[in-house]
Amino acid sequence: MIDVIDVIDVTDVMTVDEFWHASLNQNVDMYLADRAGEVEPPAEPLKFKAYRDAVRYPLDDRLPQALGDVNASFHDAPAGTGSTAAALDRAALSRLLYFTFGHSRLDLGATTWPYHRLVASARAFFPSELYCWLPRDGDRPAGVYYYDPAHHGLVLVRAGEHRRLLGDAVGADLDDARAVLLLSAAFWKNAFLYRTYTYRIVPQEIGILAGNALMVAATFGLHGHVHHQFLDAPLNRLLGLRTAEESVMTVLPLYGERRPLRQAAARRTSTDAAVLTPAIDTPHRQPSALDEAACRKLLRLHEASLLDDTATAAPRAPWPRTEAPVPAAASLPAPPERTDPAELATTLRQRTSGVWVFNSPPPRIDADDLWALLRHALSPHTSDLVPEGAPPCTECFVAVNAVEGVDQGVHRLETDGEGNAALRPWRPGPVAPDLQDVHYLSPPQVNYAWSNAVVFLVADRREAHARFGDRGYRIAGQEAGIVAQRVCTTAATVGLTARVHNGYRGTSIAEFLDLDPDVCVPLFQIVLGRSRPTARYQMPIVL
């Protein structure tokens with residue numbers, strides 16, 4: 001391991017541009033440097049946020065364990081067809097919130113991380129939180145609520161009809177939204193251990209949660225829009241959050257039918273009366289508050305990303321793609337989609353990241369199994385970044401090791417935005433030895449020779465910074481997280497484990513993929529294989 005003190009001066013303030021390089025190439029070194037001189041880490045924060053003396057509204061405690069076919073989430077009706085979702089009543093809202101972010105499993109026995117939800121999280125720290133704006137429904141008033149996964153209920157944060165404020169803050173017309181989900185990051189839940197490196201993990205996890213919300217909502221006929229660009233301070237104030245400790249990272253309005261994002265013409269700033277609300281005190285139990293001195297770099301990085309004026313938001317425009325190598329090889333088109341349905345609720349429970357050391361020899365899978373998890377990975381989702389129908393701001397490369405019907409080598413996943421996908425050969429030849437050579441951690445946590453394939457999700461760093469400035473890092477990570485959740489979830493439909501693993505150096509992986517490391521940044525590495533049985537008893541939490 002390199003001398004981390006020589007690499008990072010812990011007294012310096014890091015810029016977001018420097019963080020692009022440091023977080024992808026120093027990884028564990030960064031967090032060790034930030035922890036220099038500490039005898040032991042502080043106490044781990046509570047897994048669940050507990051509001052005191054708050055008004056609560058229960059959700060259904062008996063839920064049908066069915067949502068619908070996984071792939072149906074990606075087959076939206078065309079905009080303007082008038083297909084309308086059923087009402088988002090208490091029964092539907094209960095299932096929507098639970099399967100988006102519910103407490104799903106308790107591991108018993110020798111385990112360090114016993115609490116699990118229906119999305120992946122590094123070390124199961126779950127720094128994300130889920131809030132929602134809801135209209136009035138019976139005795140429940142209109143207002144913003146916290147989803148309490150520990151008790152599967154709603155906590156009233158602030159009553160009132162705040163639809164217009166939310167629309168002004170995100171710069172869009174939300175008049176016909178059935179609900180608005182607000183995903184926040186509670187930094188100390190991760191930073192108590194990882195310090196500055198938290199800003200690498202948080203966008204990943206927010207994106208994974210957003211991707212899951214979109215998939216689950218689609219099974220109810222709800223069409224979600226993803227807003228990455230919004231006025232941060234007014235939304236944090238609305239939810240009673242202190243920006244240095246917890247901050248809204250993504251906003252997802254949900255609509256009863258597919259319709260395009262309608263951006264507002266009026267300019268708003270964080271000081272406009274239209275987006276100002278009185279400050280509120282929302283005390284919640286937390287054993288230790290964020291250590292601002294220890295997290296000074298993290299907080300400065302986040303502060304640099306905040307948006308104070310909707311006029312500075314980047315317009316929607318197509319995202320550039322990396323030029324294919326010359327000569328271009330013939331692509332392998334996706335076969336017809338399987339007709340046998342895979343229940344999303346079951347799949348979310350079966351999804352697993354595997355054991356700590358990914359080292360279980362899998363049987364070879366066939367091309368149909370690989371396409372089960374790649375087919376919809378780059379399906380369009382409506383966002384404030386790209387035009388309607390355009391693919392996400394993420395490129396997907398697949399290092400194939402043991403897949404019948406697909407040659408060994410690196411392939412790029414390509415899509416035409418109309419449901420047609422193909423794998424373009426990018427770099428032929430065996431991949432496992434090279435991946436093992438550039439593996440970052442020692443001893444290695446992944447045996448690449450026994451993986452079926454490895455998916456890499458890559459961002460264009462220069463484009464992200466040019467369009468979004470210091471907000472570009474978090475946007476790129478969140479967009480990649482949406483794609484990662486699709487890959488991880490659909491992998492479970494064919495019995496594969498999908499392990500998100502950050503133990504790599506970005507420049508080494510970019511060079512392995514024959515990409516320019518100054519431009520192309522691998523934000524996710526997802527190892528695909530089989531899970532080894534363990535002695536732990538994994539007790540499902542079923543409502």
Side-chain angles (χ1 to χ4, degrees), residues 74 76-80 166-177 180-183 203 206-207 210-211 213-214 217-218 222-232 235 248-255 257-269 275 305-322 376-396 414-419 457-483 486 519 523:
F74 307 105
D76 286 336
L166 289 164
D168 286 337
V170 302
D173 173 10
L174 307 184
D175 282 352
D176 51 347
V180 180
L181 305 183
L182 300 102
L183 314 184
I206 291 290
L214 292 175
L222 295 169
H223 179 68
H225 292 178
V226 182
H227 290 272
H228 296 285
Q229 303 181 86
F230 50 83
L231 302 178
D232 299 84
L235 293 188
V248 175
M249 301 290 282
T250 300
V251 180
L252 283 76
L254 304 177
Y255 300 92
E257 62 181 0
R258 184 176 177 85
R259 60 94 148 169
L261 188 151
R262 296 194 286 263
Q263 291 181 293
R267 170 189 173 186
R268 297 295 185 195
T269 70
V275 294
S305 78
L306 301 180
L307 190 66
D308 292 317
D309 190 331
T310 58
T312 62
R316 302 166 81 192
W319 198 258
R321 302 290 159 182
T322 305
H376 298 296
L378 297 180
S379 290
H381 61 270
T382 301
S383 78
D384 60 0
L385 306 181
V386 296
E388 201 73 25
C393 302
T394 303
E395 289 197 272
C396 179
E414 299 182 343
T415 179
D416 61 4
E418 298 180 0
L457 303 180
V458 176
D460 185 323
R461 181 187 67 81
R462 289 182 182 172
E463 188 71 18
H465 191 267
R467 290 197 191 191
F468 312 118
D470 288 339
R471 203 177 183 90
Y473 186 94
R474 84 186 220 191
I475 288 176
Q478 290 168 179
E479 277 286 289
I482 292 174
V483 178
R486 297 170 178 176
V519 177
L523 293 178

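- Not counting sequence neighbours, the partners of A459 by the side-chain contact (heavy atoms from CB on, under 4.5 Å) test are A476, L523.
- Going from atom SG of C396 over to atom CG of L378 covers 5.5 Å, rounded to the nearest 0.5 Å.
- Residues passing the side-chain hydrogen bond (donor to acceptor under 3.5 Å, both in side chains) test with D470, sequence neighbours excluded: none.
- The backbone N or O of V226 lies less than 3.5 Å from no partner atom in the side chain of S383, so there is not a single donor-acceptor pair.
- In this structure, CE in M249 is found 10.0 Å from CD1 in I475, a value given to the nearest 0.5 Å.
- Atom-to-atom distance recorded for E463:CD and C393:SG is 8.5 Å, nearest 0.5 angstrom.
- Side-chain atoms of E395 come within 3.5 Å of backbone atoms of T322 as a donor-acceptor pair (strictly under, hydrogens ignored).
- By the ring-ring contact (aromatic ring centres under 6.0 Å, His included) test, H225 pairs with H223, Y255, sequence neighbours left out.
- Annotation: side chain of L385 is in contact with side chain of Q229 (closest heavy-atom distance under 4.5 Å).
- Summarising the geometry of R259 relative to D173, their closest heavy-atom pair is NH2-O, 2.9 Å, with the distance given to 0.1 Å.
- Between the side chain of R268 and the backbone N or O of L231 there is no donor-acceptor pair closer than 3.5 Å.
- Considering CD1 of I482 and CD1 of I206, their distance stands at 11.0 Å, rounded to 0.5 Å.
- In summary, D460 and R467 do not engage in a salt bridge, as defined by a charged side-chain N under 4.0 Å from a carboxylate O.
- Among residues two or more places apart in sequence or in another chain, the side-chain contact (heavy atoms from CB on, under 4.5 Å) test is passed with A265 by none.
- Although no hydrogens or angles enter the test, the distance criterion places a donor-acceptor pair under 3.5 Å between the side chain of R471 and the main chain of H228.
- A salt bridge links R474 and D232; the closest N-O separation between the charged side-chain nitrogens and carboxylate oxygens is under 4.0 Å.
- Pairing each heavy atom of A377 with each of V483, the nearest pair is O-CG1, 3.4 Å.
- Listed here is the closest heavy atom pair of R486 and P380: NH2-O, 4.2 Å.
- Among the candidates D384, V275, V170, the single residue satisfying the side-chain contact (heavy atoms from CB on, under 4.5 Å) test with F230 is V170.
- Going from atom CG of D309 over to atom CZ of R267 covers 4.0 Å, rounded to the nearest 0.5 Å.
- Smallest separation of non-hydrogen atoms from L457 and A480: CD1-O, 3.3 Å.
- With sequence neighbours excluded, no residue forms a side-chain hydrogen bond (donor to acceptor under 3.5 Å, both in side chains) with H227.
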Test side-chain contact (heavy atoms from CB on, under 4.5 Å) applied to L235 and L182, step by step: CA-CA 9 Å; L235 293 188; L182 300 102; 4.3 Å; yes
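- Pairing each heavy atom of A169 with each of T310, the nearest pair is O-CG2, 4.2 Å.
- The CZ atom of F74 lies 11.0 Å from the NE2 atom of H381; values are rounded to the nearest 0.5 Å.
- Not counting sequence neighbours, the partners of R316 by the side-chain hydrogen bond (donor to acceptor under 3.5 Å, both in side chains) test are E388.
- Under the 4.5 Å side-chain criterion, counting only non-hydrogen atoms from C-beta, Q478 is not in contact with L183.
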